[in-house]
Every structure is written in structure tokens, then in C-alpha cells.
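What follows is a set of notes on a single structure, which appears directly below.
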Amino acid sequence: MGNPVIKVDSRRENLTDLTMEEIEKVIKKLPSPKTPVPDGVSASGTLTPELDMKIVLKLETWLKKSFLKKILSNTMDSEAHEKRPPILTSSKQDIAPHIANVSEMRHYLCGCCAAFNNIAITFPIQKVLFRQQLYGIKTRDAVLQLRRDGFRNLYRGILPPLMQKTTTLALMFGLYEDLSCLLRKHISTPEFATRSLAAVLAGTTEAIFTPLERVQTLLQDHKHHDKFTNTYQAFKALKCHGIREYYRGLVPVLFRNGFSNVLFFGLRGPIKEHLPTATTHSAHLVNDFICGGLLGAMLGILFFPVNVVKTRMQSQIGGEFQSFPKVFQKIWLERDRKLTNLFRGAHLNYHRSLISWGIINATYEFLLKII
């Protein structure tokens, strides 16, 4: 049976007669989930007539005021929440910073992968060329030397060029793009001058990794086969001569890197524009291969004497640091002052550069489109 209805209108003048102590007593008597229902309170939690009517009236008024305050508070919170800007929780927005980071680094990543692909394919050709540059021998004799060394030694020394090329080509392509954008924002010069400066600076930065090229030279020279058998031992052999020994041959490296970068990046666009228009992905790949191959072959021939001098300088361990002109003069005299002897091995270098830079440029441009 339900509780009797309590009429409270005639008693409202006595509401002020109650104290907070009386109200607290009533509150303590209210049921909670953990305590039994007290006398004077129904199982539903409503007050029964057994309680003092003054307390009932005071409690009713107090509860009404508290309920009203809660409603007003909730209303204000709702309005404030509506004015607050929405929180972005989209999955696309969560991964946006990561996509931006990948986008900023893609030139470095594409250059690194292009170098790896190139080294893995062309290393044996490079080794034949190296022997010709170092000893001035014919292609057939260089190939015979490699055959005598055996297949086990064919890829001996691949780690330094793999480390060096993947790093330097990543810097070459990545720094060129970053520095070009940076210089355009801060220097008001013609586009050609800005890009040329960016290419030189990128090439100069590449020279930091000259020690890797230096160790590669030592590992490919059969005269040093009995001194060390791997990259670590070669680095250790140079350590006792000081840090300067790691950078032997730095001048030709700086000269080659800087000017070859200017020509490569400056002529890459115009050459591709003169090729037949590509309408398919495979046609674009072929055009990029031809463009990179032609540039690589041309630069390989142009800077071939520089590489001959560099190779001779870096094949030495310890001793005097001879200047570029002095080493060049020595080689010129050794080869009977004949230009054909100086360029011995250039035809193989032409074909190697044609293939290498074709692979590098095609791989770089292909990856740039899909990353």
C-alpha cells in the first residue's frame, strides 16, 4: 500500500524554525545501499508521517533548492561545452604529423634506396674499373686479376661503398631539395644561381663521408689483401696515423662532388624535356633512366682524370700528403704524357656510369612518385 500524501502548504511559515543540526539528523536517517532502511522512512526512500512535519517541510525546501542549483549548473556547463571548439579525433588527423614527417624525408629515403639498388648491381664493374685506374692496365688484364682473386673476393669491399653511397646519395638529393627551398626564401637571386649553390653545398656535405671511400680504395687494391680482410680492420689500420689519414684525397673529392652536382641537377630537367613525351609509367621509367644515364656517362668522362688522381692518393697509407697537382704530374709522367693512357679505363667507366646513374635516377624518380 502506498504512503499517505503529506500536505505541506499550511506549514510553510514554520520553515525557518529548523536548524542545520535537525536537517543533518534527517539526512543521516536516509537509506543508503549499504545500510538498512531506518524507521520512519519507506523502502522507496520517501519520508513517512512519523517524522516531524517541520523537518519534512524544511528538508523538502532544501532538496528543491539543491535540485534547482544542479539544473542551473548543468545548463551552464552544456552552454560552455557548445561554445568550446570541437576536439579533433579523426584517425587521419592522428596520422597527419607522421605523414608530414615521411613527406619531408622522402627525398633522403629515395636517394638512399636508389644508391643501394645501384651498388648491388654494378659493384663488379666498378671493381674492374678501379684496377684500371690504379694500375693503368687493360680491361682484359683487370678481369683476369678478378678471376684469379676468385668469386669469394668479387664482392670484397662492398660494405664501404654501400654505406658511403647510400648515405651520400641520400644527402645529395635530400639536401639539394631542402637547401634550394631555404635559399629561395632568404636570398633574392636567379633560380639557376640558387640551385647551383644548393648543389655545391650538398656536394660539400657529402665529403664528410670520405673515410668510407678511402677504405673502399684500400680494400679493392690487391696490394693490401694481406694487411686486412674487412672494413673494420682497414679503419683500424688507419687509426694509428691520425684522423687526417681518413681524409686523404679530400681535395679531389670536394672538387668532383661540388661541380658534378651542379651539372647533374642543372641539366637533368632540360635533357628530360627533349626526350619523347612519356604517357605511361614504363615510358617515364625509361626516360628517367636515359636522362640519368646520359648525365652520368658525361660526368664520368669529364671527371675521370680527377678520380684517377683521387684513387692514387687514397691507395697510400701513411707518408707525405702530396698535393693534387703533384700527384697528377707524377701520373702524367708514368703514363708517357699521353692522354689516351690517362683515360685508360674511361670507356668502361662510361658504360658503368651510364648504367649506374640510369638506375639511380630511374629508381629515385619512381620511388618519389609512390612514397
Side-chain angles (χ1 to χ4, degrees), residues 105-131 133-134 146 149 152-176 178 201-222 224-225 227-254 256-258 260-261 264 292 296 300 303 307 310-311 313-317 349 352-353 355-357 359-361 363-364 367 371:
M105 297 298 293
R106 65 187 187 128
H107 293 285
Y108 295 91
L109 180 61
C110 292
C112 180
C113 293
F116 183 91
N117 194 27
N118 165 57
I119 292 295
I121 296 171
T122 63
F123 184 75
I125 303 174
Q126 168 62 28
K127 206 160 188 180
V128 173
L129 174 63
F130 168 81
R131 297 288 175 89
Q133 287 180 335
L134 187 58
L146 292 181
D149 292 342
R152 184 180 178 182
N153 290 321
L154 182 60
Y155 277 89
R156 184 178 188 270
I158 193 175
L159 184 59
L162 199 60
M163 294 169 61
Q164 185 239 345
K165 281 295 182 184
T166 51
T167 307
T168 56
L169 280 181
L171 291 175
M172 172 183 163
F173 285 106
L175 284 178
Y176 171 73
D178 288 347
L201 291 174
T204 303
T205 307
E206 290 176 56
I208 294 172
F209 298 94
T210 297
L212 293 172
E213 194 169 352
R214 169 89 162 100
V215 170
Q216 176 192 351
T217 301
L218 296 175
L219 288 172
Q220 289 182 347
D221 187 357
H222 73 91
H224 298 298
H225 280 188
K227 296 179 182 177
F228 30 77
T229 58
N230 54 52
T231 303
Y232 173 75
Q233 290 179 359
F235 270 107
K236 192 174 180 180
L238 297 176
K239 185 179 180 181
C240 61
H241 297 280
I243 189 67
R244 190 182 176 193
E245 188 68 31
Y246 290 105
Y247 286 89
R248 190 183 286 269
L250 179 62
V251 172
V253 169
L254 286 170
R256 179 199 63 193
N257 287 1
S260 63
N261 277 8
F264 179 81
F303 291 97
N307 280 327
K310 178 205 69 94
T311 301
M313 294 172 75
Q314 291 187 336
S315 64
Q316 177 184 340
I317 299 178
N349 182 68
R352 182 197 64 83
S353 298
I355 297 170
S356 291
W357 282 100
I359 293 171
I360 289 169
N361 197 54
T363 305
Y364 173 79
L367 291 175
I371 293 181

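Counting from 1, the numbers follow the sequence of the chain as shown.
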Do the non-hydrogen side-chain atoms of [X] and [Y] ever get within less than 4.5 Å of each other?
X: N257; Y: T204; answer: no
X: Q314; Y: T210; answer: yes
X: D149; Y: L146; answer: yes
X: H241; Y: Y246; answer: no
X: T229; Y: R156; answer: yes
X: F228; Y: F235; answer: no
X: N118; Y: K165; answer: no
X: I317; Y: H224; answer: yes

With no hydrogens and no angle check, is any side-chain donor or acceptor of [X] less than 3.5 Å from a backbone partner on [Y]?
X: R131; Y: Q220; value: yes
X: T363; Y: I360; value: no
X: R214; Y: E245; value: yes

Non-hydrogen atoms of [X] and [Y] that approach each other most closely:
X: N349; Y: G300; answer: ND2-O, 3.0 Å
X: G157; Y: P161; answer: O-CD, 2.7 Å
X: T311; Y: F130; answer: CG2-CE1, 3.5 Å
X: A202; Y: L175; answer: CB-CB, 4.0 Å
X: G296; Y: S353; answer: O-CB, 3.2 Å

Using 0.5 Å steps for rounding, measure from the [atom1] atom of [X] to the [atom2] atom of [Y].
X: I208; Y: T168; atom1: CD1; atom2: OG1; result: 11.5 Å
X: N307; Y: S260; atom1: CG; atom2: OG; result: 9.0 Å
X: Q316; Y: T217; atom1: CD; atom2: OG1; result: 12.5 Å
X: L129; Y: R352; atom1: CG; atom2: CZ; result: 5.5 Å
X: K127; Y: L219; atom1: NZ; atom2: CG; result: 8.5 Å
X: L169; Y: M172; atom1: CG; atom2: CE; result: 6.0 Å

task = Take the angle between the ring planes of F173 and F264 and call it parallel below 30°, perpendicular above 60°, tilted in between.
result = perpendicular
request  = For H107 and Y364, test the side chains for any donor-to-acceptor distance below 3.5 angstrom and give the result as yes or no.
outcome  = yes
message = Looking only at side-chain N and O atoms, does S315 offer a donor or acceptor that is under 3.5 Å from a partner on D221?
response = no
inquiry  = Between D178 and Y108, does the side-chain contact (heavy atoms from CB on, under 4.5 Å) criterion hold? Intermediate values first, please.
reply    = CA-CA 10 Å; D178 288 347; Y108 295 91; 2.6 Å; yes
query = Would the number of heavy atoms belonging to other residues, nucleotides or ligands and lying under 6.0 Å from CZ of F116 be above 12?
reply = no
inquiry  = How about OH on Y155, more than 12 heavy atoms from neighbouring residues, nucleotides or ligands closer than 6.0 Å, or not?
reply    = yes
request  = Show your reasoning for whether side-chain contact (heavy atoms from CB on, under 4.5 Å) applies to L238 and V215.
outcome  = CA-CA 9 Å; L238 297 176; V215 170; 4.2 Å; yes
Criterion side-chain contact (heavy atoms from CB on, under 4.5 Å) on I158 and I119, from CA distance to verdict = CA-CA 8 Å; I158 193 175; I119 292 295; 3.9 Å; yes
Residues which pass salt bridge (Lys or Arg N to Asp or Glu O under 4.0 Å) with E213, listed by chain and number, not counting sequence neighbours = R256, K310
